[in-house]
Amino acid sequence: MKHHAIEELQGVAEIKQDLPRRTLSRTERLERWAELLERSPHRRLSTLHETEYQPAHVRATMRGDGTPISVAFEDPVLRTAGMDNDSYGEAKRFFELSDEQLHKVICYCHFGATVSASTAARHIRAMLVENQPGLFARLRQIFLG
């Protein structure tokens with residue numbers, strides 16, 4: 001493959017560098033993240049150390065190579081949807097998670113130095129059903145409106 005500078009290519013083709021962001025719902029973003037992790041379920045991913053003890057401004061900037069968050073950030077779909085980096089604070093904002101929820105996926109205190117991708121995915125999928133009504137509440141909605 002031959003590489004060219006953008007300036008060289010602009011004379012040959014129209015180059016659009018500002019792609020429109022695709023809007024994904026919170027559920028779609030979380031499902032995508034879980035799916036990405038499930039592609040390599042046995043992969044060992046790094047955790048972040050003691051997130052719950054860090055001041056908010058420090059916690060927001062925490063990041064690491066090979067974390068569940070970095071798996072999400074490597075995905076062009078999630079980046080196009082607005083994920084700006086692989087920090088704790090960005091994951092919290094982008095996936096609309098509380099500190100408690102993100103702590104369950106990424107913190108050292110739960111898993112040690114690494115967590116399997118399948119375990120991280122399972123915790124993310126659990127967040128998808130946390131705020132949904134239970135079976136009886138859903139049946140009541142269906143039958144009683």
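For the single chain, residues carry numbers from 1 onward in sequence order. Computed from a predicted model, the values in this text were never measured in an experiment.
- Contact check for Ile106 versus Val115: no side-chain heavy atoms found under the 4.5 Å cut-off.
- For His110 and His123, the distance between ring centers is not under 6.0 angstrom.
- Residues Leu78 and Phe94 have side chains in contact (heavy-atom distance under 4.5 Å, counting atoms from C-beta outward).
- Minimum heavy-atom separation, Glu31 to Leu128: CG-CD1, 3.6 Å.
- In this structure, Tyr108 is not a member of the same hydrophobic cluster as Met62, with clusters built from ILVMFWY side-chain heavy atoms closer than 4.5 Å.
- Under a 3.5 Å cut-off, the side chain of Arg79 and the backbone N or O of Asp84 do not form any donor-acceptor pair.
- Nearest heavy atoms, Ile124 versus Ala34: CG2-CB, 4.1 Å.
- For Gln54 (side chain) and Thr51 (main-chain N/O), no donor-acceptor pair under 3.5 Å exists by modelled atom type.
- A 4.5 Å side-chain heavy-atom check between Val105 and Gln101 finds every atom pair outside the cut-off.
- For the pair Glu96 and Arg29, the salt-bridge criterion is met [side-chain N within less than 4.0 Å of a carboxylate O].
- Counting heavy atoms from C-beta on, the side chains of Met127 and Phe95 never come closer than 4.5 Å.
- The pair Arg43-Glu38 does not count as a salt bridge, with every side-chain nitrogen at least 4.0 angstrom from each carboxylate oxygen.
- Contact annotation: the side chain of Phe73 never approaches that of Ile69 to less than 4.5 Å [non-hydrogen atoms, C-beta and beyond].
- Closest of all the heavy-atom pairs between Gly82 and Glu90 is O-OE2, 3.4 Å.
- Here the side chain of Ser70 pairs a donor or acceptor atom with the backbone of Gly66 at under 3.5 angstrom.
- Side-chain contact between Ser46 and Thr67 is present, with at least one heavy-atom pair separated by less than 4.5 Å.
- By the 4.5 Å heavy-atom criterion applied to side chains, Cys107 and Glu52 are counted as neighbours.
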